[in-house]
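Counting begins at 1 with the first residue of the sequence.
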Amino acid sequence: QVQLVESGGGLVQPGGSLRLSCLASGAMFSIYAMDWYRQAPGRQRELVAAISRGGMTNYVDSVKGRFTISRDNAKNTVYLQMNSLKPEDTGVYYCHTNTDYWGQGTQVTVSS
């Protein structure tokens with residue numbers, strides 16, 4: 001059993017930055033590939049960024065060059081650094097493992 005707890009969301013102006021964190025409980029965090037998803041109002045949940053056990057990363061085209069996913073296995077934590085935020089980045093951001101565990105989500109709102 002794995003529990004995921006996201007934090008770091010909030011309200012930010014366009015062009016601003018936020019860093020999301022996802023703390024995983026349970027052992028063997030390092031064996032999981034980890035993802036960040038987001039869901040905007042009225043839209044389907046979409047994969048934003050992924051990081052493998054070995055640290056290889058992938059991003060959806062809309063966030064490339066602006067978002068960075070990283071992990072610290074010693075802290076059982078995965079991060080999502082979000083820069084140059086746009087209103088279309090607004091949504092609930094979820095942490096997810098490749099074994100299909102989900103966090104509760106954290107709200108990100110980009111608005112002036």
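For the atom pair CG (L20) and OH (Y93), the distance works out to 7.5 Å, reported to the nearest 0.5 Å. Here the straight-line distance linking atom CH2 of W102 with atom CG of D35 works out to 7.5 Å at 0.5 Å rounding.
Closest non-hydrogen pair, T77 versus S21, comes out as CG2-CB, 4.3 Å. In plain terms, the two heavy atoms of Q39 and R43 that are nearest each other are NE2-O, 3.1 Å. Closest heavy-atom contact between V63 and V48: CG2-O, 3.8 Å.
Q13 places no side-chain N or O within donor-acceptor distance of the main-chain N or O of S111, the cut-off being under 3.5 Å. No side-chain donor-acceptor contact under 3.5 Å links R19 to the backbone of Q81. Without hydrogens or angle criteria, T109 side chain to L11 main chain gives no donor-acceptor distance under 3.5 Å. A distance-only check finds a donor-acceptor pair linking the side chain of R71 to the backbone of S52 [under 3.5 Å]. Side-chain atoms of N83 never come within 3.5 Å of backbone atoms of S17 as a donor-acceptor pair (strictly under, hydrogens ignored). With hydrogens and angles disregarded, no donor-acceptor distance shorter than 3.5 Å links the side chain of Y79 to the backbone of T68.
A single hydrophobic cluster is not seen to contain both I69 and V92; linkage of ILVMFWY side chains at heavy-atom distances under 4.5 Å, directly or through other members, places them apart. In this structure, V2 is not a member of the same hydrophobic cluster as Y94, with clusters built from ILVMFWY side-chain heavy atoms closer than 4.5 Å.
Annotation: side chain of R66 is not in contact with side chain of Y59 (no heavy-atom distance under 4.5 Å). Using a 4.5 Å heavy-atom cutoff, the side chains of I31 and R53 are in contact. Taking the side chain as every heavy atom from C-beta outward, L23 and L4 never approach each other to under 4.5 Å. A 4.5 Å side-chain heavy-atom check between N98 and M34 finds every atom pair outside the cut-off. Side-chain contact between T90 and V108 is absent, with no heavy atoms from C-beta onward closer than 4.5 Å. In this structure, the side chains of D89 and F67 come closer than 4.5 Å at one or more pairs of heavy atoms.
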Between V78 and L80, does the side-chain contact (heavy atoms from CB on, under 4.5 Å) criterion hold? Intermediate values first, please.
CA-CA 7 Å; V78 62; L80 186 67; over 6 Å; no
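When each of E6, E46, E88 is paired with R38, the salt bridge (Lys or Arg N to Asp or Glu O under 4.0 Å) condition holds for E46 and for no other. Each of Y37, Y32, W36 was scored for a ring-ring contact (aromatic ring centres under 6.0 Å, His included) with H96, with one residue passing: Y37.
Checked for salt-bridge contact, K64 and D61 meet the test: a charged N lies under 4.0 Å from a carboxylate O.
More than 12 heavy atoms of other residues, nucleotides or ligands sit less than 6.0 Å from atom CD of Q107.
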